Every structure is written in structure tokens, then in C-alpha cells.
Amino acid sequence: MSLLEVKDLKVRVEEREILHGLSLTVNPGEVHAIMGPNGSGKSTLSHVIAGKPGYEVTGGQILFRGEDLLEMEPNERAAKGVFLAFQYPVEIPGVTTWNFLHAALNAQRKARGEDEMSSPAFLKKVREVAKSLNVPQDMLKRGVNVGFSGGEKKRNEILQMALFEPAVCILDEMDSGLDIDALRIAADGVNALRSPERAMVVITHYQRLLNYIVPDYVHVMSKGRVVKSGGKELALELEESGYTQFEDAA
Amino acid sequence: MAAVQETVERVRRIDVDQYRYGFETLIESDKAPKGLSEDTVRFISAKKNEPAWMLEWRLEAYRRWLTMTEPTWARVDYPKIDYQDIYYYAAPKPKKTLSSIDEIDPEILKTYEKLGIPLREVAILEGVEPPPGGEPSANRKIAVDAVFDSVSVATTFQKELKAAGVIFMPISEAIREHPELVRKYLGSVVPTSDNFFATLNSAVFSDGSFVYVPPGVRCPMELSTYFRINERNTGQFERTLIIADKGSYVSYLEGCTAPQRDENQLHAAVVELVALDDAEIKYSTVQNWYPGNSEGKGGIYNFVTKRGDCRGKHSKISWTQVETGSAITWKYPSCILRGDNSSGEFYSIAISNGFQQVDSGTKMLHLGKNTSSRIISKGIAAGKSQNTYRGLVSAHRKATGARNYTACDSLLIGDKCGAHTVPYVEAKNSSATFEHEATTSKISEDVLFYCIQRGLSQEEAVGLVVNGFVKDVLQQLPMEFAVEAQKLISISLEGSVG
């Protein structure tokens, strides 16, 4: 059984169809890159998988380990192992990062019928994870993303990914707003989390991210459909010729 | 964040109407005839065996009240109150004369047990998880005075306080036992002529707490009064007077609840604080009167006058309030900064949900030299409620070097509620430095989705964001209270997001 199966997905936002029958199959251990120009529906796909309100699914299915994902609340999807790394992580003033992570982790554990993690045990774990990703401990004490630089915000996303150990990670435009050094640090974090059990879907506009996170498969989206799929060399090809060649294909 | 989860758990266990203190205690009571007249005032005074001067004081207030009209400037809207349709005095009928706590009517003891208020003299050993680096709360003692309708039913830890020289007793007893102190200070901060509701209170107040901390004494424990309205159609008019003599310190907590009823009930209290030279008073309130049901029926009308007088040099008064209950709240805990170098603080969280209307804030009146004040107000409006911050900061022409910092933040949940900020600033001295900051924000869909994508439920997400929003103020509360307040905040907001 595949980990994540998107079948002929059709999605509307306010009467306008954004995805016109998109299909994608992701197996454990695989890294898929989804590329495409602005407005091709890449972010819509990530939001619909995660369950963001405001999208109307008018056709198709999303299966996660064979279960109907669209029937689940977004927090149930999180507990099952669906993680979205946001393009623009939000700031939550007055809530320390470690409190936030503790609450979220325990909510997930509870939903899975596991015991909640005590404060001391959690503190130990989060410190270990932060250390392994070279995230400064100081960041855990600050308000969630409050006053964080673009790079720090993305590292906080990766820290959460490492902590929650999801089965599938969707990285939405992870490279936006990052300089080349910050990009490399973030990519190192993601690569450290690659494993035979875990799949990743990397959504990006630019090829440069894929120099650091090397995908197994590349899919090109245009106007709400996947118009071409291939290996990692497809990304390089795009770098040379741009997206215009696919405009007509859609 | 265990408290947030615990809160949500609790919320789930509660039915549609989330008010969990709404039960009624069936107990016989002794009431004054309905309505207000000189005879009512005399009845109350006689019930309390008051000396003649006290009765005179009340009657003077009553006569003054007859000439006054109800204020209309607040942003609250309610049907006209019929002052003749209220009982001004209700006392649980004692089975016999009490000589110890064991003789209190078991029904009343049970009521306080249900409310979680210990009336027996046990140190409170709450299993509260201390924050990283915080002190554990074990072995902290809190002396409690419990006021049930119009009378005080029990005051704990009397002996221990007496040894320290601290007087903590029902004000009705203080009038008889310490008339020199009561006569000197009662009405000296909130005069009988102050305002419609305070004047009414002066005429008919039935009980409340009295605290006197002698010079140089640091009160050995937190003092606390717990107010409970039980009787139907009864107003509660309590009066609290706290005096911190030179160089003393006291921290005082106040909590309030009432049964769930369809009709509105009036609560008009007066609190007076006096801090002499180098003295400090910290006054914390968690107000959770019944707010009315989801259609806006019932609930307490809360018209309260609270004022502190920093009478001495280097004195300090700090108000912290968490306001979650009442159908109508009209309340402005204030500081008169009379002594040179005195300081006043006001930390407030006011939450409104359903059809609640809150008009609350503070007054900081700078009279002495080099006085300073600080106002941190957090208003949270949900449902169809209206939440107004109203504040006055003024510097007298002799108040050289007066300083104030005000930060007023409002958070809106949903799109049918309103938040309003009405600040008044008057500086008659050119050396005054007043700063005012205000923000209004909405819990955005993006923030909620971010939290929910991480596994939190909608309720947990709102609780988390709100607790973050009010954190600066929660930190001012004594720890046991802070934990309770945090839970209360989430319960008050249950069902606020559709």
C-alpha cells in the first residue's frame, strides 16, 4: 500500500477550480519534488492535504495508508503523521516555543492513545533534538516564531518535524525568504530526517533547493495538473528551459 | 502547558452552559423585608448590633443616595433596575450560636467544598506543577474569610494572624471590636457621597472583610475572601477595608461566584485600601459571577467601586484582576498617588463572551511628587459581547515628575463582538511623562490552522493563543490563583469559535 495517494483531485476556491484532477503517489522513503510556476496550484495541494479550511474538494480522493484523509480533521491528520512545514510560519506571542511543542506533542500522543509525556521527559527530548539540529536552546524559551529571522523560522519548522516524527512531510516553498547559508542549514536539517520509513514532498518554485535536497522524483505542475514527471534530471532540464514549454501542455 | 489541556478536559465535561458554580444551596435564610427604606437600613444595622455612629453613617448615606441618579456614561445597556424589588439582607439561619468552624451548617461547608474553598485550617497542598525555576507551592497557607450572601460565615487562621498582630475579620465584627480603626478609615478613600453605587453600598452593606496590618509587619500568609451569592432576588453589598500601616506588606485575594438564575442580581461592592509610608498592598481578584446564559438571560450586574489610597511616602498599591463573569461589569480599581514617590499598578484581564458587557479600567491620580503608575490591560471579546477599557491618568499641578506607562491590548474572537478603548489623560504639570500604547488584534485563521496542523484541537488552539496574550498579567497573580485563572479563561471562552 502506498503511503500517500492523491487520485484525480479536483479543488475549488470560491467558485474557481484550482486543481483539475491531480494525481500523485508517494511511497515510504521517497522524496518527491513538485515544481511549477506561481499560480499552478502547488500550495493549494499542500493545504488540501493538511486540511486547511477554505478549500472545497469537488472530486477525487486523498488516501493516507489507505484511509480517507479528507474525512479527518486537520489535527487528526497531524496525529496520524501528516506534517506541513509552512511557507510563512505564524508568530504566537506569549507562548514559549517549548510550551507550544509540548502541548502539540501531547495532543498528538493522546490522539494515538499513547501516554502524555511529562515536562521533564519532554524537556530532555526537545533539548536532544535541538542539539542534533544545531538549534540554539535559547530559541525554545522564546515566543513561537516571535522576532525570529526567516532562517530561524524555517529551522523551527524542521525542529518540529524532527520532534513529531511524521510519516510524510510536506515542505511548502521552504526556500522562500532564505539566503544561501540559511538555505543550506535548513536543507541539512531536512536531509538528516530522511529515512526509509519517511516520505517527503518538497514544493518549490526554484531548482536551487533541489541541489541541497536531492529528490527521487520530480513532478512539474501547470494550471492545476501534473504535466510531466521524471527523475531528478527533470529539475535541471527545467532550470535551462523554464516553465513556458509546459504552458501549452496543460 | 498541562493546564491548557486540563482546562479543555474540564470544558468537555461541562454541559452547554459552561458555568460550573451555578448550583444552589438549599438553606433557610433570614431576610430583611424586600425593598429599600430607612427601616431597611435600621434593620441591617440592628442585625449587626452596630453602635449608633455606624447607623448614623449609614442613614446619612441613604439620604444622600435618594438625591442621586444612576450613572449612564458607561458603554453598558441594561433594563432599569427596580431598587424596591431587591432583598438587601439575607443570612443563612444559624442552627445555634457558633463557637468553632465545626459548628457551621454542613450545607454551607459543603457549598465551599464544592467551590474548592478550604474553610478548615489546612495548609493548601495543591499538586501544582511549578514552572521551570519557579518555587513549589507546597505548605503555603491562605487565610480565608467566607461571605455567604450578607454575612461572613468563617474566617480561618485567626490565631496565627493574631500572633503576628494582623487583624483579619468580618467588617461587622471590626465595627464592634476595633471602632477606632474603622471610624478613622471607613469612607476615607471612597466617601459616602462618591457615586450612586458606592453610596448605596454605604447605606446597606452587610458584611465584608477588614484587614489591619500593624507597622513593620509582613503579613505571614495570603489573605483571601470568598464571596458567594446564594439567595434569590438578593443583592450583595460587601464592604472591604484594608489598612497597611507604615512599612507593612499584605497580599489579598478575592474570589466570587453565584448560582445560575434567570433573573439578574445586583452586586455593588466597595473596596477601600489605605497604604501608609513605605507600605505595600497587593490586591488580586478573580471575578467569576454568573454571566447569564447563552441567550443573555440572567447574570450578575456588577457595579463595584474599588480604590486604593497611597497615603504615605514610598507606598505602593497593586491591583490585579481577572474578570470573566457577570452580565454587566462596571468597575475601575484605582489608585490615588498622594504620598511622594508612591506607585500604583493595575493589571487586568477582562474576558467577555455570550452577551456580556464589560466596561472596566482604572484611574491613576498622581498628586504627590515623583509618583509612578503602570497599567497593563488585556481585553478579550468573544461571542456577541462588548468589552470596553476606560482609563484615566491624571497629574495634579504639584505632581512633579509623575510617570505613567499604559498598554491596552484587545483581542477579538469572531466577528460579532466589540472592543473599545477610552483613555483619558490629563497632565497639569509639564514635567509629567505619560506613555500610552494600544493594540487591537484578532485571532487569525492562519494562527489557528498552524496550531491545529500541529495536532491541537480548535479549543486547545484558542486556549493557547489567549493564554499567551494574557501572560504578562497572569504572572502578577499568586501562583495558585494564576493556575485557576488560566483554567477559568479557557472555560469562559468555550464555544467562542464557531
Side-chain angles (χ1 to χ4, degrees), chain A residues 46-47 49-54 73-112 116-120 122-123 140-141 143-146 156-157 160-161 163-164 166 170 172, chain B residues 1-9 12 127-134 136 349 376 378 380 407 409-411 439 441-476 482 486 489-490 497-498:
Chain A
S46 69
H47 291 159
I49 294 172
K52 187 173 180 172
E73 292 296 324
N75 51 329
E76 292 174 56
R77 302 183 198 190
K80 296 261 182 197
V82 175
F83 182 91
L84 172 64
F86 286 70
Q87 182 177 5
Y88 303 111
V90 299
E91 299 186 5
I92 312 176
V95 180
T96 58
T97 301
W98 88 270
N99 264 344
F100 174 73
L101 299 180
H102 192 195
L105 182 67
N106 274 344
Q108 291 192 22
R109 291 173 70 101
K110 220 163 84 181
R112 291 192 294 259
E116 293 190 23
M117 201 179 257
S118 70
S119 291
F122 170 77
L123 206 56
L140 299 172
K141 293 182 202 151
V144 177
N145 293 324
V146 178
N156 194 9
E157 296 293 286
Q160 296 181 45
M161 217 159 93
L163 189 69
F164 300 145
I170 299 150
D172 191 6
Chain B
M1 220 45 355
V4 169
Q5 275 155 18
E6 204 177 311
T7 305
V8 173
E9 276 304 294
R12 287 216 181 95
V128 176
E129 209 181 323
I349 299 170
I376 309 285
K378 306 275 184 179
I380 299 161
D409 300 322
S410 309
L411 187 68
T439 66
S441 49
K442 239 188 118 168
I443 295 191
S444 76
E445 294 291 325
D446 285 346
V447 168
L448 286 181
F449 179 63
Y450 186 83
C451 296
I452 294 166
Q453 207 296 309
R454 296 305 186 244
L456 297 170
S457 67
Q458 176 107 341
E459 287 160 332
E460 287 168 326
V462 171
L464 193 80
V465 173
V466 169
N467 275 305
F469 176 73
V470 300
K471 191 178 174 190
D472 318 350
V473 175
L474 278 187
Q475 281 170 342
Q476 299 298 327
Q486 196 179 29
I489 287 166
S490 302
V497 183

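Order of the sequence lines sets the chain letters (A, B, ...), proteins ahead of strands, with each chain counted from 1. What you see is a predicted model, and the numbers here were worked out from it, not measured in a lab.
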Problem set entry | Rounded distance [0.5 Å steps], NZ in K110(A) versus CD in E460(B) | 6.0 Å

Problem set entry | Engaged part of F469(B) at the chain A interface, taking heavy atoms whose separation is under 4.5 Å | backbone

Seminar exercise, completed: Checked L101(A), I92(A), V90(A), T96(A) vs chain B; the most non-hydrogen pairs under 4.5 Å come from V90(A)

Problem set entry | Side chain / backbone / both / neither for A50(A) at chain B, heavy atoms under 4.5 Å | both

Seminar exercise, completed: Here the gap from F164(A) atom CZ to Q453(B) atom CD, rounded to the nearest 0.5 Å, amounts to 9.0 Å

For this session: Select one option (side chain, backbone, both, neither) describing which atoms of Y88(A) are under 4.5 Å from chain B's heavy atoms.
Result: neither

Exercise. By a 4.5 Å heavy-atom criterion (distance strictly below it), what part of P89(A) contacts chain B: side chain, backbone, both, or neither?
Worked result: both

Exercise. Using non-hydrogen atoms only, which part of E76(A) is less than 4.5 Å away from chain B: side chain, backbone, both, or neither?
Worked result: neither

For this session: Would you indicate whether the side-chain heavy atoms of K52(A) and D446(B) approach each other to under 4.5 Å?
Result: yes

Seminar exercise, completed: Closest non-hydrogen contact found for V95(A) with G468(B) is CG2-CA, 3.7 Å

For this session: Mind telling me whether F100(A) and Y450(B) have parallel, tilted or perpendicular rings, with 30° and 60° as the class edges?
Result: parallel

Exercise. So which heavy atom on A78(A) is nearest to which on I452(B), and how close?
Worked result: CB-O, 4.3 Å

Problem set entry | Side chain, backbone, both or neither of L84(A) within contact of chain B (heavy atoms, under 4.5 Å) | both

